[in-house]
J.: 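Could you have a look at this structure, given as structure tokens, before my questions?
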Amino acid sequence: MPLLYTIGKLTVAPALRLAFRPTVEGLEHIPATGGAIFAGNHLSVADELFLGTVVPRHLAFWAKSEYFKGTGPKGALSKFVLTGLGAIPVERAGGRAALSAFDAAIPALRAGDFVAVYPEGTRSPDGRLYRGRTGAARLAVAAGVPIIPVGMTGTDKAQPIGTRVPRPGRADIVVRFGKPLDFTGRPDDRTSLREMTDEVMSEIQKLTGQEYVPRYAPPRARPAAEGEPPAPA
């Protein structure tokens, strides 16, 4: 486990548990050893904080590559924190550059690490669950590891889009883990990946009760007035 992540588990995680008292269900579905992909809904930048708080082992999050390339003190701090936490940079432009995230994640998963992915690709703009992108399924087939569905509720109330930090007392935070989905031996053609992804999203929807939208989430517009801390999307 990276040193900075360990420090966070010893400091930030207990503080979040004390302040928010999140309800956690399905911890028995998290393997004690071996790699796995955590695929969850994405309501708030706080999702990563609470997921990392309740999962007992290290979680490597995929983070937008621009968070690693910022300039000035803020950019340097962002790169230091994400690198120290073991985050994996993802290129949004697509093509060969985007595959670098897979190149980094596959050996980590095969070595027994956890990787967290948000199949919607961005935070939900309205609290609904949008169609998933196939990256998590493709990664699971390539690495030979299961996908653990994650359903999170309340984080969008605790830290709405555009606010800097989560605030206690605004909502009950609930984190639910579903049974691992094993796609070992499944083909990685487009149709199969789509079917696997739809299966993952169906399991997430069962955990959250969100309304499902069978189309991709629209790109999120950044608020003009308030900034946001770096976080995976």
Side-chain angles (χ1 to χ4, degrees), residues 5 8-9 12-13 16-17 20-63 85-88 90 101 105 108-109 112-124 127-141 143 145-159 166 171-183 196-213 217 231-233:
Y5 198 96
K9 292 290 285 185
V12 177
L16 288 174
R17 284 195 293 265
F20 292 89
R21 301 188 181 278
T23 298
V24 185
E25 301 174 6
L27 277 175
E28 68 274 13
H29 298 313
I30 299 178
T33 61
I37 298 166
F38 287 73
N41 62 320
H42 203 9
L43 296 173
S44 166
V45 71
D47 295 338
E48 293 90 343
L49 290 174
F50 288 102
L51 187 58
T53 293
V54 302
V55 173
R57 294 168 55 194
H58 175 248
L59 264 173
F61 288 93
W62 279 3
L85 292 175
I88 299 171
V90 178
L109 288 165
D113 205 357
F114 289 159
V115 172
V117 178
Y118 294 102
E120 291 171 278
T122 188
R123 280 165 271 168
S124 172
R128 297 185 293 176
L129 182 68
Y130 283 79
R131 189 184 197 214
R133 300 182 183 275
T134 59
R138 186 185 301 276
L139 184 59
V141 172
V145 299
I147 294 179
I148 299 175
V150 181
M152 198 168 294
T153 59
T155 53
D156 54 333
K157 303 296 190 302
Q159 188 177 0
D172 293 327
I173 306 295
V174 181
V175 186
R176 297 185 177 96
F177 299 99
K179 294 180 180 180
L181 301 174
D182 186 0
F183 296 126
M196 287 182 274
T197 300
D198 290 343
E199 184 177 343
V200 171
M201 300 310 292
S202 176
E203 293 302 312
I204 294 174
Q205 195 277 333
K206 292 176 184 177
L207 295 171
T208 65
Q210 291 170 277
E211 177 186 348
Y212 180 71
V213 182

J.: Taking the side chain as every heavy atom from C-beta outward, state whether Val141 and Met196 have any atom pair closer than 4.5 Å.
T.: yes

J.: Do Met201 and Tyr130 have side chains that approach each other closer than 4.5 Å (heavy atoms only, starting at C-beta)?
T.: no

J.: Is there a side-chain contact between Phe183 and Val200, using heavy atoms and a 4.5 Å cut-off?
T.: yes

J.: Main chain of Gly112, side chain of Arg57: is a donor-acceptor contact present, judged purely on distance under 3.5 Å?
T.: yes

J.: Under 3.5 Å, is there a donor-acceptor pair between the side chain of Gln210 and the main chain of Gly127?
T.: yes

J.: Would you mind reporting whether Phe114 and Ile148 have side-chain heavy atoms less than 4.5 Å apart?
T.: no

J.: Could I get the full list of salt bridge (charged side-chain N to carboxylate O under 4.0 Å, His left out) partners for Glu211, not counting sequence neighbours?
T.: Arg128

J.: Would you say Leu51 and Tyr118 make side-chain contact, with heavy atoms under 4.5 Å?
T.: yes

J.: Kindly state whether the ring of His29 and the ring of Phe177 have centres lying under 6.0 angstrom apart.
T.: no

J.: Using atom types as modelled and distance alone, determine if a side-chain donor or acceptor of Thr197 lies under 3.5 Å from a backbone N or O of Gly132.
T.: no

J.: Does the side chain of Thr53 come within less than 4.5 Å of Arg17's, by heavy atoms?
T.: yes

J.: Taking the side chain as every heavy atom from C-beta outward, state whether Asp113 and His58 have any pair of such atoms under 4.5 Å apart.
T.: yes

J.: Look at the side chain of Glu48 and the backbone N and O of Phe61, then say whether any donor-acceptor pair between them is shorter than 3.5 Å.
T.: no

J.: Should Leu207 and Val150 count as side-chain neighbours, where that means a heavy-atom distance under 4.5 Å?
T.: no

J.: Around atom NZ of Lys9, are there more than 12 heavy atoms of other residues, nucleotides or ligands at under 6.0 Å?
T.: yes

